[in-house]
There are 2 protein chains.
Amino acid sequence: MPDTKKYRVPTKGRVKLADYDPAATPFAHDSIKAQEKDLKALNQQLARLARPLQAEGKRSILLVLQGMDASGKDGTVRGVFKYTSPLGVRLVTFKAPSKEELAHDYLWRCHAMVPAKGEIGVWNRSHYEDVLVPVVNQWIGRDTTRQRYAQINDFERLLTENGTTVLKCMLHISKDEQRKRLQERIDTPEKRWKFSLGDLDVRKQWDDYQQAYEDLLEATSTAHAPWYIIPADDKLHRNLMVSTLLNHTLLDMQPTYPVDYPELAGLQVV
Amino acid sequence: MPDTKKYRVPTKGRVKLADYDPAATPFAHDSIKAQEKDLKALNQQLARLARPLQAEGKRSILLVLQGMDASGKDGTVRGVFKYTSPLGVRLVTFKAPSKEELAHDYLWRCHAMVPAKGEIGVWNRSHYEDVLVPVVNQWIGRDTTRQRYAQINDFERLLTENGTTVLKCMLHISKDEQRKRLQERIDTPEKRWKFSLGDLDVRKQWDDYQQAYEDLLEATSTAHAPWYIIPADDKLHRNLMVSTLLNHTLLDMQPTYPVDYPELAGLQVV
């Protein structure tokens, strides 16, 4: 499998999104067909590896998907977990917080939804929205933001120290690609439900969001919970990269079926 | 698609599980290959229909899977939702209740997990465990059991009146098929984790459980939330039947993408 390290955000030093081409396709083959074949093989391996992870019931994976509107978070879930049964994967989609959620600290609703042992948890948006929306809209200041980065790092360390591998992907699209995709949502009847007029207001804050992303990537890409920047203008290639990362993660974990049950030796069911 | 009505438990009259052959394969074709092809087509249609259901965001489906140990509840989830992305399906596996759950009425934990609008919720075990385990073990008497049937019917009516289609499948296996499958779990290293010594104690209560199933099927197969008895000795055929039922349900609901957004007419993203 190709090398993903280049897209891992370093734990030190400034992050410039401009250094990452959203249209890059570093894992690409000559043909679309070959890429599709690769993706299928990766997704099927993922489904295979999810089963001993569940059987073990000791460790879990948390895949965080973040990105601007129309960056392909839903599409990634659909494209990567095509062969994984609902038995091993649990998707959580975080929306704007409810009144009850706002009445608690911002990590409260997230902590409640972390994957159980044996599960692959996938978060479509996450606690990172709380260092994006309030930052861009200046509801919180620099000090609070820095405090949140530290709280997030602590939270993710807690998870990793208790058996959860945390993998974070920022789906990186260009401003023009977003324009095309939003326009497509407006123009295609079956996609209209995914569009909201508010998306255009957020699009006007594009530069501020990119800045907020750079800041959070820099502050929260840790050795225990690294960020990956996924070039996401090409949907097939985006799926290929995320699936590769997940496969790497699972292969590293080497989940194995627990087979040592001495009490079952020679047991006959009558 | 074949007729499923024969397997729908009537809302009146006595139910005898002996009248339903667990090894029956009424939807079967000449060849395994043809059945596999059918199942694939059904599962893909299911995945297609789940998307407008989600887009609509107004209605939901609750599929309840019940059955003896090794009757194939997990296998059905794996076999039927092979092409459905985690975006549209939410699986809940109910285990023995925790102390906190026992400190509430038995429907409390179930109500908390009902599918949201747009979702297909799948329950691996359910509130029906609470008219099985305590009945067989005589922790509750006849009056309480009857009260629970009525409470369950009320609960399910609440759900259906608020947009949830409730579909309940009892995976019906023979005692000998269970013996084979439990033995297989013991003998196959990769399946051992699914076996628990307690399964043998429950197996000793086979007849009592069959009786409790007959009683609950009779009391809770309602016009608003019918039970289906799924012959489940043949795994492929079981999946074919459950997928057929789900497809019927979705085709009846006719989910359609909402396309009428006058505010988007002629809108250009800049």
Side-chain angles (χ1 to χ4, degrees), chain A residues 47 51-52 54-57 70 74-75 77-93 116 118 120 122 124 178-197 199-200 203-204 256-261 263-270, chain B residues 47 51-52 54-57 70 74-75 77-93 116 118 120 122 124 178-197 199-200 203-204 256-261 263-270:
Chain A
R51 294 188 64 176
Q54 192 202 357
E56 262 189 13
D74 278 354
V77 173
R78 201 174 284 117
V80 171
F81 297 101
K82 201 159 184 170
Y83 302 98
T84 325
S85 95
L87 284 169
V89 178
R90 195 152 71 100
L91 173 71
V92 183
T93 301
I120 299 175
V122 183
N124 181 334
Q178 191 197 44
R179 185 190 56 73
K180 282 183 203 154
R181 292 187 188 177
L182 291 179
Q183 191 66 53
E184 206 191 337
R185 288 185 178 179
I186 293 168
D187 296 343
T188 314
E190 295 190 355
K191 293 190 174 181
R192 259 172 226 162
W193 67 283
K194 297 208 82 175
F195 182 82
S196 139
L197 282 174
D199 296 349
L200 298 182
R203 179 169 165 79
K204 284 185 194 133
T256 46
Y257 287 96
V259 295
D260 197 22
Y261 297 91
E263 71 277 22
L264 303 189
L267 187 65
Q268 290 297 315
V269 182
V270 289
Chain B
R51 295 190 64 176
Q54 192 201 359
E56 263 188 13
D74 279 354
V77 173
R78 201 175 284 117
V80 170
F81 298 101
K82 201 159 185 171
Y83 302 98
T84 325
S85 96
L87 284 168
V89 179
R90 196 152 70 99
L91 173 71
V92 183
T93 302
I120 299 174
V122 183
N124 180 334
Q178 191 197 45
R179 185 190 56 73
K180 282 184 202 153
R181 291 187 188 178
L182 291 179
Q183 191 65 52
E184 207 192 336
R185 287 185 179 178
I186 293 168
D187 296 342
T188 314
E190 296 190 355
K191 293 189 175 181
R192 258 171 228 164
W193 67 282
K194 298 207 81 174
F195 182 82
S196 140
L197 281 174
D199 297 349
L200 298 183
R203 181 169 164 79
K204 284 185 195 136
T256 46
Y257 286 96
V259 295
D260 197 23
Y261 297 91
E263 71 277 21
L264 303 189
L267 187 65
Q268 290 296 313
V269 181
V270 288

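Just so it is clear: chains get the letters A, B, ... in the order the sequence lines come, proteins before strands, and each one is counted from 1.
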Part of [X] within contact of chain A (heavy atom distance under 4.5 Å):
X	answer
B/Val270	backbone
B/Glu184	neither
B/Gln268	both
B/Arg203	side chain
B/Leu267	both

Best-contacting candidate, [options], against chain A by heavy atom pairs under 4.5 angstrom:
options	result
B/Arg78, B/Lys194, B/Lys204	B/Arg78
B/Pro189, B/Gly57, B/Ala55	B/Ala55
B/Asp260, B/Val80, B/Ile186, B/Thr188	B/Ile186

- Message: So, using salt bridge (charged side-chain N to carboxylate O under 4.0 Å, His left out) as the criterion, who are the partners of B/Lys82 when residues are at least two apart?
- Response: none
- Message: Could you report the tightest heavy-atom contact between A/Arg192 and B/Leu264, atom names first, then the distance?
- Response: CG-CD1, 3.7 Å
- Query: Side chain, backbone, both or neither: which part of A/Leu182 has an atom under 4.5 Å from a heavy atom of chain B?
  - Reply: both
- If the plane angle is over 60° it's perpendicular, under 30° parallel, otherwise tilted; pick one for A/Tyr257 and B/Trp193. tilted
- Closest-packed option against chain B by number of heavy-atom pairs under 4.5 Å, given A/Gln178, A/Arg51, A/Glu263, A/Lys191: A/Arg51
- Just checking heavy atoms, which of residues 85-92 of chain A are less than 4.5 Å from chain B? A/Ser85, A/Pro86, A/Leu87, A/Val89, A/Leu91
